[in-house]
Amino acid sequence: MIEDLGGWVRSHDCNSLTAADIGSEVCLMGWVQFRRDHGGLIFIDLRDRAGLTQVVFDPSLSEAAHARAHALRAEFVLAVKGRVRSRPEGMHNPNLATGDIEIEALELKLLNVSQTPPFEVEDRVDPAEGLRLKYRYLDLRRPKMARNFILRHRAAQAVRRYLDSLGFLEIETPILTKSTPEGARDFLVPSRLNQGTFYALPQSPQLFKQLLMVSGLERYYQIVKCFRDEDLRADRQPEFTQIDIEMSFVDEESVMAMAEGLVRTMFAETLGVALPSPFPRMTYAEAMRDYGVDKPDVRFGLKLVELTELFAASNFKVFAKAELVKALRVPGGESLSRKEIDDLTEFVKVYGAQGLAWIKVRAEDWQSPIVKFFSEEEKAGLSARLGLAPGDIVFFQAGPAVMVNAALGALRLRMGERMGLIDEKAYAPLWVTDFPLFEYDPEEKRWAAMHHPFTAPSPGTDLAHISENPGAVLSRAYDMVLNGSEIGGGSIRIHTTAMQETMFAALGIPLDEARDKFGFMLQALEFGAPPHGGIAFGLDRITMLMAGAPSIRDVIAFPKTQKGTCLMTDSPSEVAPKQLRELGIRLREKA
RNA sequence: GGAGCGGUAGUUAAGUCGGUUAUAACGCCGGCCUGUCACGUCGGAGGCCACGGGUUCAAGUCCCGUCCGCUCCGCCA
C-alpha cells in the first residue's frame with residue numbers, strides 16, 4: 001500500500017553515511033536498486049542521485065518491515081528509518097562509498113510502486129539509444145547520466161562565480177527575435193497578432209549583447225539557449241547552450257585573458273584539472289598548414305608537410321598539376337595491412353579525395369604504387385623534408401587545397417587514434433587567431449563572413465580596398481580549441497557605422513537591405529558605441545569533454561534525435577486546425 | 001541532399017551455405033534460502049525475427065521498397 005511521507009524528513013543521502021555514523025538513527029529515501037531476499041534476511045540497495053546504501057531487513061528487529069520488504073521490486077520508492085551499524089567482519093564492500101556500514105531497517109514506508117522498467121537502471125547495461133530517449137527519466141536515473149548533470153551544474157556555477165567576481169552582469173535577451181540573413185537557418189515562430197510575420201529564435205544573442213555594450217552596461221554574460229535549424233551531429237543539437245560574454249573598452253588580449261581564466265576555473269573547480277597558463281596560440285594559417293583544420297587536436301604530433309613545390313615540375317602529373325600537395329608521415333605505419341590501407345582510402349574519399357597514395361619505408365626499399373614516377377631528386381627531397389625512417393608510412397593527397405586539407409586533416413586524426421598516440425586523459429587547449437575575415441561561398445558565388453558580419457578587420461586593414469581582395473583580409477576573431485573541438489569563439493566587434501557599412505558592402509549586401517535587416521544596429525553605432533568584443537562558449541561541448549561523453553546527447557537532459565525529434569514527447573507534432581487559423585497559416589497539400 | 005552501420009523475447013546479443021520446435025545471458029513470475037552485495041538455488045512464462053512486397057518446395061537468413069536509431073559528408077556566420 002502506498003503511503004504519504006507523513007512528516008518523515010530525509011536525514012542523509014545514499015552516499016554519505018560512514019563508520020563515523022555508526023549508532024545514529026537515520027532516515028533515507030530513494031529507489032530500490034537491487035533486492036537480495038534470503039528468505040530470512042533481506043538486503044535492499046537503496047539508490048538516490050548521490051549513491052547506494054545497503055538496508056537490511058531483519059525479522060528479529062522489525063517483523064513488520066521485514067514482511068513488507070518481500071514485496072519490494074526494482075524502482076519502488078522507499079523511505080526507511082533505521083540505525084546505522086557496522087557491517088560484520090569481512091562483509092565490508094570496498095566498491096561502495098557507504099560499504100563499511102548498513103542500515104538496520106526499523107520502519108519502512110512505501111512511497112510509490114513502479115512497473116518493471118523497460119531496461120535495467122544501471123550503468124553496466126547499454127540499451128539502444130532510442131529506448132533511452134523514450135524513457136529519458138529512467139535513463140537519467142542511471143548513475144553515469146546523473147553524474148554528467150551534476151558535473152554540468154558545477155561547471156555552470158563556476159562560470160557564474162567567476163564572471164560575477166569580474167563585474168559581469170547576467171542579463172537576459174529575447175528568445176522571440178528577428179530573422180536575419182547570414183549564418184544558419186532560423187527556427188521561425190509565427191506571430192498571431194501580426195499575421196504573415198514571424199519571429200526567429202536566436203542563433204545567438206549576438207546583436208543584443210553588442211547593444212548592451214552601446215547601453216553602457218560594460219560587462220554582460222548569459223548562459224543561454226541558442227537555436228540553429230541545421231542537421232544534427234554527435235556534437236550538434238538544434239538547441240544548445242552558450243556561455244555568452246561581451247565586454248566594453250577591451251582589445252583581444254583582455255578578452256582572451258578573461259576567457260582563459262574562465263575555462264581554467266571551470267576545469268579546476270569541477271575536475272581539479274590545471275590547464276596551462278597562458279594557452280598556446282596558433283594562427284589560422286599555421287593551423288591549416290600543419291593540421292589541415294582550423295581546430296587542431298594538439299594532443300599528438302603527425303603534422304602535415306606541404307610538398308607542392310617539390311613536385312611542381314614532376315613527371316607525376318597528378319602531383320605536378322595539383323593546387324596543393326601534402327603528406328602525412330606516420331611512424332610505425334609500415335605495419336598497416338593492405339586491408340587497412342584500403343579502408344583508409346575509402347575513409348578519405350568521403351572528403352572528395354580520388355584515392356590515397358602511400359609509401360611504406362622499409363630498411364631495404366620503399367614499397368609504394370607511386371614511387372616509380374618519382375625522380376631521384378624528388379625521392380631525396382621527400383626523404384629530407386619528411387625525415388623518413390624505416391617503419392614509416394607516408395600518405396599523400398594532391399588536388400584542390402580545401403580537399404587536401406580536409407582529407408589529410410581527418411586522416412591525421414584517424415591515424416592518431418589508430419596508432420595510440422592520443423592520451424585520453426590529457427586536455428590540450430589552444431587559441432586559433434588571425435582568421436580570414438571573409439570566406440568564398442562557391443554556391444552563392446559571393447564572399448561571406450567567416451565568423452559573422454560584425455567582426456572587426458585586423459588593425460591596419462585598408463578600408464577603401466577591402467573589396468578588392470577580400471580573401472587576404474584578416475579579422476580580429478579568435479577561437480578556443482580543446483582536444484580538436486571548437487569550444488568557443490569570439491571577436492573584437494565593429495563599433496563604427498562607417499566600418500559596418502563597408503563590411504555589408506563587401507558582403508554584397510546592398511545598403512537598403514542592410515538597413516532593413518540591421519538598421520537598429522547601424523543606428524545604435526551612431527550613438528557613441530564603445531569599442532567592445534566578446535566570446536561565446538559551447539557549454540554542452542565543454543561538458544562533453546569534461547565528462548568524456550561520446551555524444552552531446554549525454555550532457556543534455558532531453559535531447560533530440562538525429563532527425564530532430566523528441567522520442568519522449570513525440571515532438572514536433574501536428575497542431576489543431578484552429579491553431580493554424582489563428583496564426584493565418586494554411587498548410588500546403590502534401591506532395 | 002548523399003554515404004555507411006544497425007533493428008531477433010522486457011533488455012543485450014548469437015543465429016553458419018536458405019532447411020526440424022529460433023538460442024543464451026540478464027530481467028520478469030513462482031518455490032526454497034539469516035550475511036548477501038550483479039546473492040544463490042529449483043521451476044516457469046515470454047517471439048508479428050521493425051514494416052510492406054518479391055524470389056523459392058522452403059526466408060530471421062536472399063532481393064526491392066518503407067520506417068526508425070546511430071555515425072559521417074554536405075550544411076552549421
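Letters go in sequence order (proteins before strands), and every chain restarts at 1.
Taking the side chain of A:Asp58 as heavy atoms from C-beta on, and the options B:G69, B:U34, B:C76, the nearest nucleotide is B:U34. Comparing B:C76, B:C73, B:G74 by their nearest atom to the side chain of A:Ala184 picks out B:C76.
Between B:U20 and B:A59, the distance separating the two C1' atoms is 15 Å to the nearest Å. Comparing the C1' positions of B:A25 and B:U8 gives a spacing of 15 Å, expressed to the nearest Å. Separation of the C1' atoms belonging to B:G4 and B:G43 is 46 Å when rounded to the nearest angstrom. On the P atoms, B:U23 is 33 Å away from B:C68, given to the nearest whole Å. Annotation: B:U55 and B:C70 have their C1' atoms spaced 31 Å apart (nearest Å). Nucleotides B:A22 and B:C29 place their P atoms 26 Å apart, quoted to the nearest Å. B:G47 and B:U21: their C1' atoms are spaced 13 Å apart (whole Å). Spacing of C1' atoms, B:C64 relative to B:U56, comes out at 16 Å, to the nearest Å.
Using a 4.0 Å heavy-atom cutoff across all strands shown, A:Ala234 reaches sugar-phosphate atoms only and no base atom. Among the heavy atoms of the strands lying under 4.0 Å from A:Pro118 are primed sugar atoms or P, OP1, OP2 only; no base atom is included. Contact annotation for A:Thr565: backbone-only contact, meaning every heavy-atom pair under 4.0 Å involves sugar-phosphate atoms and none involves a base. Residue A:Val350 is in sugar-phosphate contact alone, with no base atom involved, counting any heavy-atom pair closer than 4.0 Å across all strands shown. Residue contacts for A:Glu120: at a heavy-atom cut-off of 4.0 Å it reaches a base atom on one of the strands shown. A:Glu102 comes within 4.0 angstrom of a nucleotide base, judged by non-hydrogen atoms across all strands. Backbone-only engagement by A:Pro127 is indicated by non-hydrogen atom pairs under 4.0 Å involving sugar-phosphate atoms exclusively. Base contact: A:Met91 has a heavy atom under 4.0 Å from a base atom. Counting any heavy atom pair closer than 4.0 Å across all strands shown, A:Ser204 reaches a base atom.
For A:Thr116, no side-chain nitrogen or oxygen approaches OP1 or OP2 of B:C28 to under 4.0 Å. Residue A:Arg553 has a polar side-chain atom (N or O) positioned under 4.0 Å from OP1 or OP2 of B:U71. Under 4.0 angstrom from either OP1 or OP2 of B:A3 there lies no side-chain N or O belonging to A:Lys349. For B:C29, one of the phosphate oxygens OP1 or OP2 lies less than 4.0 angstrom from a side-chain nitrogen or oxygen of A:Arg73.
Salt bridge present: A:Arg85 and A:Glu102 bring a charged side-chain N and a carboxylate O closer than 4.0 Å. With salt bridges taken as basic N to acidic carboxylate O contacts below 4.0 Å, one links A:Arg47 and A:Glu75. Look at A:Arg228 and A:Asp186 and you find no salt bridge, because none of the NZ, NE, NH1 or NH2 atoms lies under 4.0 Å from a carboxylate O. Taking a cutoff of 4.0 Å between a charged side-chain nitrogen and a carboxylate oxygen, A:Glu230 and A:Arg185 qualify as a salt bridge. Ionic pairing of A:Glu486 and A:Lys295 is not present here: no N-O contact between side-chain nitrogen and carboxylate oxygen is shorter than 4.0 angstrom.
Between A:Arg236 and A:Tyr351, the residue anchored closer to the 5' end of RNA chain B is A:Tyr351, taking for each the nucleotide with the nearest heavy atom. Two residues, A:Pro550 and A:Ser86, neighbour RNA chain B, and the one matched to the more 5' nucleotide by heavy-atom proximity is A:Ser86.
A donor-acceptor contact under 3.5 Å is formed by the side chain of A:Asn93 with the base of B:C37. Taking 3.5 Å as the limit, the base of B:C37 and the side chain of A:Arg87 contain a donor-acceptor pair of atoms between them. No N or O donor and acceptor, one from the side chain of A:Glu122 and one from the base of B:G27, sit under 3.5 Å apart. Checked by distance alone, A:Arg132 brings no side-chain donor or acceptor within 3.5 Å of a matching partner on the base of B:G69. With hydrogens and angles left out, the side chain of A:Arg228 and the base of B:C76 share no donor-acceptor pair within 3.5 Å.
Taking atom CD of A:Gln562 as the reference point, atom C1' of B:C5 lies 12 Å away to the nearest angstrom. Whole-Å rounding puts the A:Leu344 CG to B:C72 P distance at 18 Å. A:Leu411 has its CG atom 14 Å from the P atom of B:C73, to the nearest Å. In this structure, CD of A:Gln203 is placed 10 Å from P of B:C76, rounded to the nearest angstrom. Protein atom CG of A:Leu131 is 16 Å distant from nucleotide atom P of B:A50, rounded to whole Å. Straight-line distance from the CD atom of A:Glu75 to the C1' atom of B:U11: 14 Å, rounded to whole Å. Between the CG atom of A:Asp126 and the P atom of B:A25 there is a distance of 21 Å, given to the nearest Å. Look at CG on A:Asp570: it is 14 Å from C1' on B:C67, rounded to the nearest Å.
Under the Watson-Crick or G-U wobble criterion, with both distances below 3.5 Å, B:G35 is left unpaired in every strand shown. Here B:G4 sits opposite B:C70 as a Watson-Crick or G-U wobble pair (both hydrogen-bonding atom distances under 3.5 Å). Judged by Watson-Crick or G-U wobble contacts below 3.5 Å, the nucleotide B:C75 has no partner. Under the Watson-Crick or G-U wobble criterion, with both distances below 3.5 Å, B:G44 is paired with B:C28.
Checked against a 6.0 Å centroid threshold, the rings of A:Phe57 and A:His70 do not count as neighbours. Annotation: A:Phe208 is not in aromatic contact with A:Tyr220 [ring centroid separation under 6.0 Å not met].
Residues of residues 33-57 of chain A that place a heavy atom closer than 4.0 Å to RNA chain B, in numerical order, are A:Phe34, A:Arg36, A:Asp37, A:His38, A:Gly39, A:Gly40, A:Leu41, A:Phe43, A:Asp45, A:Gln54.
Side-chain contact of A:Arg73 with A:Gln115: a donor-acceptor pair under 3.5 Å is absent, judged by distance alone.
A cation-pi arrangement, defined by a distance under 6.0 Å to the six-membered ring centre and an angle within 45 degrees of its axis, is present between A:Arg414 and A:Phe347.
To the nearest 0.5 Å, atom SG of residue A:Cys14 and atom CE of residue A:Met29 are 10.5 Å apart.
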* Does the salt bridge (charged side-chain N to carboxylate O under 4.0 Å, His left out) test come out yes or no for A:Glu239 and A:Lys225, once each step is laid out? -> CA-CA 6 Å; A:Glu239 57 176 306; A:Lys225 278 289 179 73; 2.9 Å; yes
